[in-house]
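Notes to accompany the following structure.
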Amino acid sequence: MPIPPSPYVGRFAPTPSGYLHFGSLVAGLASYLDARAVGGRWLLRMEDLDPPREVPGAQDAILRALDAYGLHWDGPWVRQSDRHATYAAVIDDLFARGLAYACICTRKQLEQRGGRYPGTCRNACHAAHDAAIRLRVPELTYRFFDRVQGEYGQHLGREVGDFVIRRRDGLFAYQLAVVLDDAWQGITDVVRGADLLDSTPRQLYLQELLGLSQPRYLHVPLIIQPDGHKLGKSYRSPPLAADQAAPLLVRALRALGQQPPEDLAAADVEAVLAWGIGHWRADRIPRCRTLAEAQLR
Ligand code: GLU
């Protein structure tokens, strides 16, 4: 009997606002191994929603780094900049149905208020042009079970408030695009960094509103610098060096709680990934939101 194809579809969704670094490698590797360990597909989506923040050449550099690290995706990769018409149509529809509204609060006004958006423009009936579009959130808690972090819930009204789905400058918001694209690509399993744990309840609400199915979630610890900051371009974390692929993959395996043998770092990339796929234990991933990079050397 032929083995039925695995229904698992995972994805890696980097933002080209910088190069891949060790933190992205940990999240990307977890997503890759979780998919490959069950014979699933693994897709790549470039989240290039914010051209002003994009680093020239970052998209190419990300593709090259994934290649050097042996993280080969299935099928053609997609980019969010090709999906604007879909995002715009959904926003028009939410607006027409009164589920979203136009907000003309300035950045300064929002800063003065701090934290949660108080709903100033909720019933003001501003026109949609030259305004941000915010989604009305219900006074409800949205909960899900994360495969590593466990039960997680947020009261959208009290803890989040009406959130932006299209910025005033016309750029589409991550929360909306990620939900539409995960559904469009048929993603069954989202594996990503724990910095996005508190975005997930907003995404669950959008899935419910748009009649989309909910993927399973697994949030891996975010790798942080000694000062507590997330690794990233702004904190000068070095881009992934092509000639360090095998040892850095082994370090990423350790960060994910896997127990590779000492001599694996001397093997080639294919052998490291084959070991990772064959021995993948998601239940060994540390159940914490952050891990200090320095402790992983
Ligand atoms: N583009 C996001 C990032 O690079 C990841 C989004 C996601 O995995 O949902 O942080």
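Atoms within each ligand, like the ligands themselves, are counted from 1 in listed order. Because the structure is a prediction, the values reported are computed rather than measured.
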Discussion item. I'd like the contact residues of ligand 1, where contact means a heavy atom below 4.0 Å.
Written reply: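 Arg11, Ala13, Pro14, Thr15, Glu47, Tyr174, Val178, Arg192, Leu196.
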Item to complete: Decide whether Ser213 and Gln207 meet the rule of one side-chain donor and one side-chain acceptor closer than 3.5 Å.
Response: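 No, because no side-chain N or O of Ser213 sits under 3.5 Å from a partner of the opposite role on Gln207.
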Discussion item. For the aromatic rings, using the six-membered ring if either is Trp, is the centroid distance between Tyr117 and Phe163 under 6.0 Å?
Written reply: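 Ring-ring flag for Tyr117/Phe163: false, centres at least 6.0 Å apart.
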Item to complete: For the pair His84 and Tyr87, name the ring-plane relationship: parallel under 30°, tilted 30 to 60°, perpendicular over 60°.
Response: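 It falls in the tilted class, 30° to 60°.
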Worksheet item: Phe12 vs Trp42 aromatic rings, parallel, tilted or perpendicular, using cut-offs 30° and 60°?
Response: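 Parallel: the ring planes of Phe12 and Trp42 meet at under 30°.
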Item to complete: Answer yes when Asp50 and Arg167 have at least one side-chain N-carboxylate O distance shorter than 4.0 Å, and no when they do not.
Response: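 Salt bridge present between Asp50 and Arg167.
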Expected list for residues 254-266: side-chain donor-acceptor pairs under 3.5 angstrom, two or more places apart:
residue, atom, partner, partner atom, Å
Gln258, OE1, Arg281, N, 2.9
Gln258, NE2, Leu256, O, 3.0
Gln258, NE2, Arg281, O, 3.0

